[in-house]
Amino acid sequence: MSMSGTRGDRRRLVVIGGDAAGMSAASQARRLKDADELEIVAFERGNFTSYSACGIPYWVGGDVAERDELIARTPEEHRARGIDVRLRTEVTEIDVDGRRVHARDLESGAGSWVSYDRLVIATGARPVRPEMPGADAPGVHGVQTLDDGQALLDTLGATRGRRAVVVGAGYIGVEMAEALIKRGYEVTVVNRGSEPMSTLDPDMGRLVHRAMEGLGITMVNDAEVTKVLTGDDGRVRAVATQNAEYPADVVVLGIGVRPETGLARAAGLPLGDHGGLLTDLSMRVRGHEDIWAGGDCVEVLDLVSGRERHIALGTHANKHGQVIGTNVGGGYATFPGVVGTAVSKVCDLEIARTGLREKDARRAGLRYETVIIESTSRAGYYPGASPMTVKMLAERRTGRLLGVQIVGREGAGKRVDIAAVALTAGLTVEQMTALDLGYAPPFSPVWDPVLVAARKAAQAVRRAP
Ligand SMILES: Cc1cc2nc3c(=O)[nH]c(=O)nc-3n(C[C@H](O)[C@H](O)[C@H](O)COP(=O)(O)OP(=O)(O)OC[C@H]3O[C@@H](n4cnc5c(N)ncnc54)[C@H](O)[C@@H]3O)c2cc1C
């Protein structure tokens, strides 16, 4: 595979990473520039392109029947649109001065240099694998890729025992706990933090904890997994913490991810405090005219705190890809930053957050008021109304909304989008109380729970010294 020959006036875009950010960028660039002007080569070391890792818990849990339903666009579909996708091909080096990447075919082992005019780095994130005995034993699974999902399903299909331990209680951990409950497993979640869902404040995490126990999930907090114990057959048999053992026929790891930036680091590209690539607002790597980066391998600007953060979410990766593709294709687009919105669920419990937690606000040097209210998803008299808890943070004195967390049942999760819009617009909680939100008894009480919280937060701001 030699690709450094003469190309006349035609330029070459090389993309590293064939999922959300990389293929969105490639597809958008192709919409703007046809193949005569821009050759696009995308390297993906795995077997799939444009897949939804977000759907893995629902595939494992049986809500989604087939793996292929999680693939938005296959390599053949990309190729038909003029994107030269190279599967099972890993980029092992970026030569910034020589404007070329080294790519290795994982089947044959053959490698070659491929030159670029424009480069997109979309290498995603890699899951944290605990450094401890037994972490790689058969029966221990990560859930980052479709291959991981398939391997877990194969284990579940082959294992007679019904005890599962999930390590980590972030959103992937709680979604996987649900998937395993649905498959009839006895599930224990072992969590290092004081409550599950550390993206919430602990007082809201406690509600998730209680609800998970109500679903029959055993929640073990403040516990560090020290070892995976194996049986005579070499397979996992239990997970050990400092002071207990939890029998397990299968273990799922969900202890977070780090930006996959080894290549970028070796190439001397700028990385932030969280290990993610640093870009400007057009998603161009800082100081590098012809290199863009997006998705889980970059840091993003938190518009509420003004700090750079690493947040691995598909919603951002797709937007980054769109912005990069537009710019590479000769247009103009920017990604201003994020407010930190995320939503997830465990069985019928919906969990949502946006903006700052109390500790984020403190770290950013902000003084704030905080309120928690209880309300319902529908008018109290309307059938199916269920309880909902909303926590809201507002800046002291200015009353600017700083953050919202919601835990409840049907209709709770996506209510956080009201707050995401308010944060983006820089609204105060007082302004929020007048938002003209839709109301009818099947959808909300006459005062929507978010507005009830805003009203109480506005009072707290007025009363504060
Ligand atoms: C179980 C699970 C559930 C999730 N649920 C949600 C959700 O509900 N909502 C949400 O917003 N997000 C969710 N996410 C996160 C979301 O999937 C990611 O944020 C998104 O996939 C990031 O896209 P990306 O293109 O940046 O990186 P990735 O999807 O990680 O893709 C990077 C690609 O680059 C390839 N690659 C890396 N290095 C090289 C190399 N050197 N050479 C060639 N190829 C390389 C990798 O094989 C990979 O395919 C979930 C993730 C998981 C694992």
Side-chain angles (χ1 to χ4, degrees), residues 14-26 41-61 70-72 75 85-94 101-106 111 114 119-128 141-149 152 166 168 170-179 199 252-267 276-277 283 293-298 300 310-322 324 338 340-345 350-352 413:
V14 164
V15 177
I16 313 175
D19 194 23
M23 296 320 289
S24 300
V41 183
F43 293 108
E44 167 54 51
R45 67 181 169 202
N47 291 301
F48 306 98
T49 52
S50 304
Y51 52 91
S52 169
C54 315
I56 292 174
Y58 309 103
W59 171 36
V60 172
L70 302 185
I71 299 173
V85 175
R86 313 250 163 162
L87 287 184
R88 305 281 299 142
T89 309
E90 182 168 39
V91 172
T92 54
E93 193 178 336
I94 303 169
V101 300
H102 190 264
R104 193 163 66 91
D105 182 323
L106 295 176
V114 179
L119 177 67
V120 174
I121 304 174
T123 44
R126 99 189 98 79
V128 175
H141 292 269
V143 282
Q144 186 72 6
T145 64
L146 295 189
D147 288 319
D148 293 340
L152 173 59
V166 176
Y171 79 91
I172 292 180
V174 302
E175 288 176 2
M176 289 311 300
E178 166 179 356
T199 50
V252 174
L253 300 175
I255 49 177
V257 294
R258 299 266 179 279
E260 178 74 283
T261 45
L263 278 179
R265 183 185 296 278
L277 273 154
M283 303 309 296
D296 286 1
C297 65
V298 303
V300 287
H310 178 244
I311 306 180
L313 283 178
T315 173
H316 304 161
N318 279 286
K319 291 178 185 122
H320 292 168
Q322 179 80 13
I324 293 170
V338 302
T341 312
V343 60
S344 52
K345 77 177 188 74
E350 300 185 359
I351 308 154

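One-based numbering, in listed order, for ligands and for the atoms of each.
- One N or O on the side chain of His320 and one on the backbone of Gly295 form a donor-acceptor pair closer than 3.5 Å.
- Among residues two or more places apart in sequence or in another chain, the side chain to side chain contact (heavy atoms under 4.5 Å, CB included) test is passed with Ala53 by Ile56.
- Any N or O atom pair closer than 3.5 Å counts here, and Ala21 shares at least one such pair with ligand 1.
- Ranking the protein heavy atoms by distance from atom 41 (N) of ligand 1 puts Val91 O, 3.0 Å first.
- The single protein non-hydrogen atom nearest to atom 2 (C) of ligand 1 is Ala53 O, 3.4 Å, given as residue, atom name and distance.
- Considering OG1 of Thr341 and CG of Leu313, their distance stands at 9.0 Å, rounded to 0.5 Å.
- Of the protein's non-hydrogen atoms, Gly314 N, 2.9 Å is the one closest to atom 12 (N) of ligand 1.
- Taking only nitrogen or oxygen atoms, main chain and side chain alike, Ala20 reaches within less than 3.5 Å of ligand 1.
- Counting only distance, with no hydrogens or angles, the side chain of Glu44 and the backbone of Gly46 share a donor-acceptor pair below 3.5 Å.
- For ligand 1, the atoms lying closer than 4.0 Å to a non-hydrogen atom of Val143 are 1 (C), 53 (C).
- Closest heavy-atom approach to atom 4 (C) of ligand 1 among the candidates Ala293, Ala42, Cys54: Cys54.
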Take Asn47 and Arg88 through the test side chain to side chain contact (heavy atoms under 4.5 Å, CB included) and record every step on the way to the result. CA-CA 6 Å; Asn47 291 301; Arg88 305 281 299 142; 2.9 Å; yes
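- Of all the listed residues (His102, Arg45, Glu44, Met23), Glu44 holds the heavy atom that lies closest to atom 35 (C) of ligand 1.
- Ligand-side atoms of ligand 1 in range of Ala312: 15 (C), 19 (O), range being under 4.0 angstrom from any heavy atom.
- A donor-acceptor pair under 3.5 Å links the side-chain atoms of Thr123 to the main chain of Glu260, judged by distance alone.
- Once rounded to the nearest 0.5 Å, the distance linking SG of Cys54 with CD1 of Ile172 reads 8.5 Å.
- If you take CD1 on Ile351 and CD on Glu175, they are separated by 8.5 Å, rounding to the nearest 0.5 Å.
- Between Tyr58, Tyr171, Phe48, Tyr51, it is Tyr51 that holds the heavy atom closest to atom 48 (C) of ligand 1.
- Closest to atom 37 (C) of ligand 1, if we only count protein heavy atoms, is Thr123 O, 3.3 Å.
- For ligand 1, the atoms closer than 4.0 angstrom to any heavy atom of Ile16 are 40 (C), 42 (N).
- Residue contacts with ligand 1: Ile172 is placed with no nitrogen or oxygen under 3.5 Å of a nitrogen or oxygen of the ligand (distance criterion only).
- Judged by distance alone, with hydrogens and angles left aside, the side-chain atoms of Thr89 form a donor-acceptor pair with the main-chain N or O of Leu87 at under 3.5 Å.
- Put simply, the side chain of Thr145 gets close to the backbone of Asp148: a donor and an acceptor are under 3.5 Å apart.
- For Ala26, the side chain to side chain contact (heavy atoms under 4.5 Å, CB included) criterion is met by Val15, Met23, Ile40, Ile83, not counting sequence neighbours.
- Interface atoms of ligand 1 facing Thr315, defined by a heavy-atom separation under 4.0 Å, are 11 (O).
- Interatomic distance, CG of Asp296 versus CG of Leu277, reported as 12.0 Å (0.5 Å rounding).
- Of all protein heavy atoms, the one closest to atom 31 (O) of ligand 1 is Asp19 CB, 3.2 Å.
- Close contacts between ligand 1 and Gly295 involve ligand atoms 26 (O) [criterion: under 4.0 Å to a heavy atom].
- Protein heavy atom closest to atom 30 (O) of ligand 1, with residue, atom name and distance, is Gly124 CA, 3.6 Å.
- The CZ atom of Arg265 sits 13.0 Å away from atom CD1 of Ile94, with the distance rounded to the nearest 0.5 Å.
- At least one heavy atom of Thr89 sits less than 4.0 Å from an atom of ligand 1.
- Here is the list of ligand 1 atoms found below 4.0 Å of a heavy atom in Leu263: 41 (N).
- Using a 4.0 Å cut-off to heavy atoms of Phe43, the atoms of ligand 1 that qualify are 43 (C), 44 (N).
- Contact annotation for Thr145 and ligand 1: no heavy atom of the residue comes within less than 4.0 Å of the ligand.
- Scanning all protein heavy atoms for the shortest distance to atom 18 (C) of ligand 1 gives Asp296 OD2, 3.3 Å.
- Annotation: atom 34 (O) of ligand 1 to nearest protein heavy atom, Gly17 CA, 3.2 Å.
- Residue Ala317 has at least one heavy-atom neighbour below 4.0 Å for each of these atoms of ligand 1: 22 (C), 23 (O), 26 (O).
- To the nearest 0.5 Å, atoms CE (Met283) and CD1 (Ile121) are separated by 11.5 Å.
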